[in-house]
Amino acid sequence: MDVRKLGLLVGISVIGCVAPDEETIEETTVESTLWGDATCSIWNCGSNAATVGDGIVFDELDLSGRETNAGGVRYLGAVTRWGEPVKLDVYRDHFYAYSSWYGFWFDGANLEGTVLTLEHVPTGEKIEVQIYRYDPQALHYWAGDAEVVPSYEMRARRPALGETKFDRQICKGDNLASDPGWNGKIYNALVYEWDRLDAARKLDTEVSRDTTWFNLACAGTAMAKLHLVRHTRAGSYNAAGAIAYDTTQAQRTMMLKLITADYCGKGQSFTVDGTPLWYMDATGYLPRFEPSTAASRESVWTAAGAACLDTPRLSIYTHADIEAKCGFQIPRCDGMTDWRSYGGAISANPP
């Protein structure tokens, strides 16, 4: 068994910070495109998924190298900045690498310069991705204690196109420069294990602790937000290594549907980048807001989508438009005295 999975790891120091103001947490994705446009991804329109272009997307990878992801990408291996082969792994939300030459694991800034080789199986093209920079304290959780979350700036090159420098940003960072939630780290990605996210159906599945799959979630994406609001297994741990923010698989799916505006519960998103949103859930981990101070209530949410709907977050849609696209009626939320009796989370449109 991998000793890393048993916890024999070098510790990473964690420094707390002031939690974000409850009214600054926003639903911010990345381009201003609408569902049905050819540029929309299966996550949501304009999702800033990790990509090197030409549809080569790798928002999750199998580090065993046995399986390809939904984008047809397979992991082949990694080497240090000096060209030494290493075994790359993810524990909770940190990258680690094992050197058989020296016989130990290393992490953090020591990983800078490490190069992952990927194969786009449909075309056979080899792609190289470099861990360009490690940022241990730039990002913080948006829910619970505002503990730091490690993030990584990753760059790529495509030798098949004659590229010799790592000039391609994996994460595009479009329209995130003014979003305080990312603290200027708009090209960074989070990594975390133990949750497999079905992008097409907007579902979360917790997997075994010895999984070789991990998520690579760019700033601004639903995948990254899900972790920052502590609705992943890796995000349930506090700085002391104890589970302090436990969520069920259903609660995580519910939050994923809320973030992506999957009202119908079928996997279709009705949001675009830069759309502000207030939200909280029954766990109490997220900063609370008073629904009566919002411009309008949007929805109460369950793992099946919107339990009720008043005003969609995008003004281009009416309640009737959403019902027509879903193919069924969605009751209104007006008159609710206790939203918790209808679902596990609530969203509202700020003034």
Side-chain angles (χ1 to χ4, degrees), residues 16-29 44 139-147 149 176 178-183 220 222 224-232 235-236 238 244-248 250-263 265 269-319 322 330-351:
C17 186
V18 178
D21 182 85
E22 64 184 37
E23 297 186 0
T24 63
I25 294 179
E26 297 183 349
E27 159 53 14
T28 309
T29 48
N44 54 278
L139 299 182
H140 299 77
Y141 283 110
W142 298 349
D145 289 339
E147 297 160 338
V149 181
L176 295 180
S178 62
D179 189 330
W182 307 105
N183 197 25
K225 293 173 187 177
L226 195 68
H227 185 59
L228 293 181
V229 298
R230 294 190 184 272
H231 278 64
T232 62
S236 68
N238 63 17
Y245 305 99
D246 198 14
T247 54
T248 66
Q251 287 172 319
R252 294 175 214 160
T253 290
M254 174 191 67
M255 186 59 65
L256 186 59
K257 291 185 178 297
L258 183 160
I259 291 171
T260 59
D262 179 13
Y263 304 116
S269 294
F270 294 89
T271 187
V272 296
D273 309 335
T275 307
L277 190 73
W278 293 355
Y279 54 97
M280 60 183 176
D281 71 346
T283 65
Y285 303 153
L286 282 158
R288 295 196 171 275
F289 67 90
E290 174 49 55
S292 63
T293 65
S296 59
R297 185 175 348 217
E298 185 194 33
S299 293
V300 174
W301 296 87
T302 72
C308 64
L309 172 66
D310 281 350
T311 306
R313 68 190 69 169
L314 289 184
S315 61
I316 61 168
Y317 292 117
T318 65
H319 184 280
I322 300 299
I330 304 176
R332 291 188 177 274
C333 306
D334 291 339
M336 282 187 180
T337 56
D338 181 11
W339 61 267
R340 294 170 184 80
S341 64
Y342 290 82
I346 185 173
S347 58
N349 300 298

Quick one: list whatever passes ring-ring contact (aromatic ring centres under 6.0 Å, His included) with Y245, sequence neighbours left out.
Y285

Looking only at non-hydrogen atoms, find the nearest pair between A250 and A303 and report the distance.
O-CB, 3.5 Å

Where do L256 and A222 come nearest, in terms of heavy atoms and distance?
CD1-CB, 4.2 Å

For S299 and C333 the tightest heavy-atom approach is CA-SG, 4.1 Å

To the nearest 0.5 Å, what is the distance between CZ on R230 and CG on D281?
12.5 Å

Among residues two or more places apart or on two chains, list those pairs meeting salt bridge (charged side-chain N to carboxylate O under 4.0 Å, His left out) that have a residue in residues 341-351.
none

Would you give the length of the straight line joining atom OG1 of T271 to atom CG of D262, rounded to the nearest 0.5 angstrom?
11.5 Å

Looking at every heavy atom in both R288 and A282, which two are closest together, and how far apart are they?
NH2-O, 4.4 Å

dist M254:CE -> K257:NZ (nearest 0.5 Å) comes out at 11.5 Å

To check you understand the geometry: which heavy-atom pair defines the closest contact between I322 and P312, and what is its length?
CG1-CG, 3.9 Å

Check whether any side-chain N or O of D338 sits under 3.5 Å from a backbone N or O of R340 as a donor-acceptor pair, and report yes or no.
yes

Counting N and O atoms only, with roles assigned by atom type, does the side chain of R297 sit under 3.5 Å from a partner on the main chain of P291, one being a donor and the other an acceptor?
no

Pick from Y342, Y279, Y263: which one makes a ring-ring contact (aromatic ring centres under 6.0 Å, His included) with W301?
Y263

E298 side-chain N/O to S347 backbone N/O, donor-acceptor pair under 3.5 Å:
no

Heavy-atom nearest pair, T247 first then R252, reads O-NH2, 2.7 Å

Verdict with supporting geometry, Y141 and N238, side-chain contact (heavy atoms from CB on, under 4.5 Å):
CA-CA 10 Å; Y141 283 110; N238 63 17; over 6 Å; no

Look up atom SG in C308 and atom CD1 in I346, then write down how far apart they are to the nearest 0.5 Å.
7.5 Å

Test item: S269 side-chain N/O and T260 main-chain N/O as donor-acceptor pair under 3.5 Å:
yes

Between L277 and L258, is there a side-chain heavy-atom distance shorter than 4.5 Å?
yes

Could you tell me the separation between the CG atom of L309 and the OG1 atom of T318, rounded to the nearest 0.5 Å?
9.0 Å

If I take atom NE2 from residue H231 and atom CG from residue L226, how far apart are they, to the nearest 0.5 angstrom?
7.5 Å

